[in-house]
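Read the structure below first, then the notes.
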Amino acid sequence: MKVINIVGARPNFMKMAPIIEAMNRHPEHFDQILVHTGQHYDERMSKAFFEDLAMPRPDIDLEVGSGTHAEQTARIMVAFEKVCLEKRPDLVIVVGDVNSTMACTITAKKLGIKVAHVEAGLRSRDMNMPEEINRLCTDVLCDYLFTTDRLADENLAKEGVAKDKIYFVGNVMIDTLIKHRAMAEKLTLRPKLGLEKRAYATMTLHRPSNVDHRNILKGIFEALHEISRDLPIVFPIHPRTRKMADETGLGHFFSSGVPVKGLWVTEPLGYLEFLHLNMNARMIFTDSGGLQEESTVLGIPCITLRQNTERPITCTEGTNELVGNDKEQILEAAGLILRNGSPKGRTPEKWDGKAAERIVRVLIDRMVDHNG
Ligand code: UD1
């Protein structure tokens, strides 16, 4: 079976890596082509992850770069259509919910090519999130929907997706975390920064709803600044956030000319370095989807700067709390954890490091055995 695997943006790499590896264990069944759309292109947003995760280099780079949603999506579709016409794959595999995920799904389906979506069925019910639109469009079109939890199965069934297309396989992002945990533990970045275990926080921030409005971004930076007086914070800053901060006159919060005690703002970190810092943090501040899941498995309290999540299992079973982006509420949530300790959570069902193998088994069973 000829398979095209799609990656485009940072959170795709750690989801695709274990799938490629699992298919490599069955070379008699899979002929793989890796396509990078180029949605993310900076060394630290893309290439560094291939090295950390020991992923093969992409066979094809569409080099679409940044743009408005329509521009980026359209550029991916035009470029990917040519690849599909030339390579004629039996299956395209997409992961997550970024523009590359949706664009490649639409393109392949219109050419009659089967598509598998890994991480299907997640719903925030927030149509202001571009990712929610990407998730809905992708899931309605796909032939194989691989889910991370049972609620995702229910979401899909309620939307009319046939049950025999839905497979609850677990979480491929956690496959990657489990594989790299011991390696990350051995790194020396934390002691080099002078950070004691459980005596610092980490932070990521990039959602348009948090960073594209000056007042909201300012409130978050002020909260961060205040918390960092008691608890040092490591903040690898996303290019989008840095750009918005600079453009709106908030760069002074972290410009090198004005050192802020306890706040270490750095370029985006590699996968292993960031896992290394997260696994021993006192708490994690984030608006990312993946970090809500990773913190749940690591058992580290996660303060999510959003009003909703497409991953509610991280709140009901894990260590995640939805706090929103109001300065006072962020301060209160952090203060509670500092005073009262961490909430206890448990690892969700099938987040056990074997999700990619389950996906590959389904594909062999459904596509190879049925055809052969
Ligand atoms: C994208 C995804 C988001 C995901 C995030 C992870 C969509 C709609 N959004 O958001 O779901 O959580 O990636 O990081 O697909 N930029 C660079 N260098 C890069 C890439 C981007 O400087 O390598 C800057 C550019 O100014 C660009 C901006 O970041 O315009 C936004 O990039 P884009 O890919 O549009 O969305 P993200 O915010 O990264």
Side-chain angles (χ1 to χ4, degrees), residues 6-16 36-50 52 58 61-77 79-80 94-107 117-120 122-124 126-139 173 176 202-213 216-217 235-248 251 266-271 274 284-294 302 304-306 308-311 314:
I6 304 292
V7 290
R10 183 168 62 174
N12 293 161
F13 307 125
M14 46 291 235
K15 293 172 192 169
M16 192 52 86
H36 190 335
T37 65
Q39 176 173 348
H40 283 175
Y41 42 86
D42 281 353
E43 165 95 22
R44 285 169 179 270
M45 297 296 285
S46 176
K47 193 165 165 254
F49 288 82
F50 283 82
D52 267 8
D61 192 337
L62 305 181
E63 295 181 352
V64 299
S66 299
T68 65
H69 283 267
E71 285 166 347
Q72 193 173 57
T73 306
R75 280 205 291 264
I76 297 169
M77 290 177 73
F80 186 54
V94 296
V95 295
D97 54 17
V98 301
N99 286 346
S100 305
T101 311
M102 178 185 71
C104 291
T105 301
I106 297 174
T107 307
H117 183 205
V118 177
E119 208 183 67
L122 298 182
R123 296 289 180 267
S124 66
D126 177 357
M127 292 298 274
N128 291 318
M129 268 184 98
E131 294 80 3
E132 185 73 355
I133 297 171
N134 293 343
R135 288 188 281 261
L136 284 163
C137 293
T138 303
D139 285 343
M173 192 167 216
T176 296
T202 58
M203 161 109 186
T204 72
L205 190 74
H206 75 283
R207 295 249 163 250
S209 55
N210 282 333
V211 309
D212 287 5
H213 311 279
I216 294 175
L217 189 58
F235 180 18
I237 194 163
H238 189 285
R240 179 187 198 105
T241 311
R242 183 178 284 279
K243 190 171 145 209
M244 292 312 295
D246 287 341
E247 281 175 13
T248 55
T266 172
E267 293 299 311
L269 294 173
Y271 178 77
F274 199 42
I284 296 171
F285 299 90
T286 194
D287 60 4
S288 124
L291 213 41
Q292 296 173 52
E293 298 180 338
E294 290 169 336
C302 184
T304 294
L305 310 186
R306 290 174 50 188
N308 53 51
T309 178
E310 60 290 333
R311 294 162 162 90
T314 59

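Counting convention: from 1, in listed order, for ligands and their atoms alike. Index from 1, following the sequence. Only heavy atoms go into these numbers, but all of them, side chains included; no hydrogens, no water, no symmetry mates.
Put simply, CD on E132 and CD on E310 are 7.5 Å apart, with the number rounded to the nearest 0.5 Å. To the nearest 0.5 Å, atoms NE2 (H206) and OG1 (T286) are separated by 7.5 Å.
A 4.5 Å side-chain heavy-atom check between R135 and T101 finds every atom pair outside the cut-off. For the pair V95/E119, no side-chain contact is recorded, criterion being any heavy-atom separation below 4.5 Å from C-beta on.
In summary, the side chains of H117 and T105 do not present any donor paired with an acceptor at a separation below 3.5 Å, with no hydrogens or angles considered.
Here the shortest heavy-atom distance to atom 25 (C) of ligand 1, taken over S66, G289, P239, belongs to S66. Considering each of T241, N99, V98, T204, the one bringing a non-hydrogen atom nearest atom 2 (C) of ligand 1 is V98.
Nearest protein heavy-atom contact of atom 11 (O) of ligand 1 is E131 OE2, 2.5 Å. The protein heavy atom nearest to atom 18 (N) of ligand 1 is D42 OD2, 2.9 Å. Protein heavy atom at the shortest distance from atom 7 (C) of ligand 1 is Q39 NE2, 3.6 Å. Of all protein heavy atoms, the one lying nearest to atom 5 (C) of ligand 1 is H206 NE2, 3.5 Å. The protein heavy atom nearest to atom 19 (C) of ligand 1 is Y41 CZ, 3.5 Å. Residue, atom and distance of the protein heavy atom nearest to atom 6 (C) of ligand 1 are P11 CD, 3.5 Å. Among protein heavy atoms, atom 26 (O) of ligand 1 sits closest to K243 NZ, 3.4 Å.
Numbered from 1 in the order shown, with element, the atoms of ligand 1 that lie under 4.0 Å from a heavy atom of H238 read 14 (O), 37 (P), 38 (O), 39 (O). Taking every non-hydrogen atom of Q72 and a distance limit under 4.0 Å, the qualifying atoms of ligand 1 come out as 34 (O), 35 (O).
With a 4.0 Å cut-off on non-hydrogen atoms, S46 does not touch ligand 1 at all. The proximity of R240 to ligand 1, defined as any non-hydrogen pair under 4.0 Å, involves the side chain as well as the backbone.
Contact analysis puts H69 in contact with ligand 1, with a non-hydrogen atom separation below 4.0 angstrom.
Smallest separation of non-hydrogen atoms from K15 and M173: CE-SD, 4.0 Å.
Applying the side-chain hydrogen bond (donor to acceptor under 3.5 Å, both in side chains) test between N99 and each of H69, R75, E71 identifies H69 as the sole match.
At least one N or O atom of H40, backbone or side chain, sits closer than 3.5 Å to an N or O atom of ligand 1.
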From CA spacing to verdict: salt bridge (charged side-chain N to carboxylate O under 4.0 Å, His left out), R242, E267: CA-CA 9 Å; R242 183 178 284 279; E267 293 299 311; 3.7 Å; yes
From CA spacing to verdict: side-chain contact (heavy atoms from CB on, under 4.5 Å), F274, D52: CA-CA 11 Å; F274 199 42; D52 267 8; over 6 Å; no
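Using a 30° and 60° split on the angle between ring planes, H40 and H238 fall in the perpendicular class, above 60°.
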